[in-house]
Amino acid sequence: MNLTPEFIEKIEEEYLKILIRQLQDGEIDTEKAKEITHEFLALTPFKTSEDMESKIQKFTEQHPEYGGIYMNLLKYEDEAKTAALLTEMRGHLKNNNVDQALHAAEKHNESVKKT
C-alpha cells in the first residue's frame, strides 16, 4: 500500500481523538499528554506503510489505551487494498477481460490468506 499524506493524517487524527478524550475525561494531565505526544511524534517520519504499521503497533503495545489507532490503521489498509482491487477489476471488466478480472481477485485472495 502507498503511504499517502491522507493516510498519515487519518492515523494522526485517530491519535488526537483519543488524546482529547483522555484529557476531557481526566484520564491524563497535560504533562502526561505532552510525554505521550512526544513519543508519538518520535515515530515519524514513516518510511513505508510497513514501517508505519510496525511503529504504531509497538506504540500501542506500550500504550494500550491507543490500541484503536492500530486497529484503524489495519482497517484503512484493508480498505485501500480493496479499493485498488475493485478499480483493477472494473478496468478489466470494461475491456471485457473477465479472466483477468477474476485472476486479480484470486491473486488478492491469496495475499489475504498469507497474512
Side-chain angles (χ1 to χ4, degrees):
M1 190 189 109
N2 292 331
L3 188 60
T4 63
E6 294 81 14
F7 185 70
I8 293 170
E9 274 184 28
K10 283 183 174 186
I11 298 307
E12 290 171 344
E13 285 177 13
E14 292 294 329
Y15 168 77
L16 292 172
K17 286 178 187 178
I18 295 170
L19 183 70
I20 290 167
R21 183 190 49 76
Q22 285 186 306
L23 286 165
Q24 287 175 338
D25 293 349
E27 295 174 18
I28 61 173
D29 59 20
T30 53
E31 284 305 310
K32 183 66 174 174
K34 285 180 189 179
E35 179 185 319
I36 293 171
T37 299
H38 284 296
E39 288 180 43
F40 185 79
L41 292 174
L43 303 175
T44 61
F46 302 111
K47 296 175 183 92
T48 63
S49 60
E50 292 81 11
D51 179 53
M52 181 183 202
E53 183 177 329
S54 173
K55 288 177 177 179
I56 295 293
Q57 182 180 21
K58 288 176 186 170
F59 177 80
T60 58
E61 286 172 357
Q62 294 171 341
H63 302 283
E65 63 274 20
Y66 290 87
I69 298 169
Y70 182 67
M71 297 308 297
N72 283 324
L73 181 145
L74 296 176
K75 182 180 95 175
Y76 297 147
E77 285 181 338
D78 186 56
E79 289 171 354
K81 288 176 185 175
T82 300
L85 171 64
L86 292 174
T87 299
E88 180 183 355
M89 290 180 72
R90 276 189 205 106
H92 291 310
L93 292 175
K94 280 184 181 181
N95 295 320
N96 204 27
N97 294 323
V98 175
D99 289 337
Q100 286 181 316
L102 293 174
H103 177 70
E106 289 171 354
K107 193 168 70 174
H108 173 77
N109 287 338
E110 288 173 10
S111 71
V112 170
K113 288 178 185 177
K114 291 179 184 176
T115 57

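Bear in mind that the values here come from a model prediction, so they are computed numbers and not experimental data.
Distance check, rounded to the nearest 0.5 Å: CD of E12 to CG of L19 gives 12.5 Å. In this structure, CE on M52 lies 4.5 Å from CD1 on I11, to the nearest 0.5 angstrom. Rounding to the nearest 0.5 Å gives a distance of 8.5 Å between OG of S54 and OH of Y70. Rounding to the nearest 0.5 angstrom, the gap separating the CG atom in L3 from the CD atom in E77 is 9.0 Å. Atom NZ of K34 sits about 13.5 Å away from atom CG of L41, to the nearest 0.5 Å.
Looking at residues two or more places apart in sequence or on another chain, you find a side chain to side chain donor-acceptor pair (under 3.5 Å) between T37 and Y15. With sequence neighbours left out, the side-chain contact (heavy atoms from CB on, under 4.5 Å) criterion links K75 to N72, E79. For E27, the side chain to side chain donor-acceptor pair (under 3.5 Å) partners at least two apart in sequence or on another chain are R21.
Residues E6 and Y76 have side chains that never bring a donor and an acceptor to within less than 3.5 angstrom of each other. Side-chain contact of E88 with H108: a donor-acceptor pair under 3.5 Å is absent, judged by distance alone.
Using a 4.5 Å heavy-atom cutoff, the side chains of Q22 and K32 are not in contact.
For residues 53-64, every residue pair satisfying the salt bridge (charged side-chain N to carboxylate O under 4.0 Å, His left out) rule, not counting sequence neighbours, is listed here: D51-K55.
Between K10 and E13, none of the side-chain N atoms (NZ, or NE/NH1/NH2) sits under 4.0 Å from a carboxylate O, so this pair counts as no salt bridge.
Between Y66 and H63, the ring-plane angle classifies as perpendicular under the 30° and 60° cut-offs.
No single ILVMFWY cluster, assembled from side-chain heavy atoms under 4.5 Å apart, contains both I20 and F40.
Hydrophobic clustering, defined by side-chain heavy atoms of Ile, Leu, Val, Met, Phe, Trp and Tyr closer than 4.5 Å, leaves L86 isolated from every other such residue.
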Using a 3.5 Å cut-off and no angle test, enumerate the donor-acceptor pairs between side-chain atoms of residues 90-102 and protein atoms at least two apart in sequence or in another chain.
residue: N95; atom: ND2; partner: G91; partner atom: O; Å: 3.2
residue: N97; atom: ND2; partner: Q100; partner atom: OE1; Å: 3.1

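Looking only at distances, a side-chain donor or acceptor of T82 sits under 3.5 Å from a matching main-chain atom of D78.
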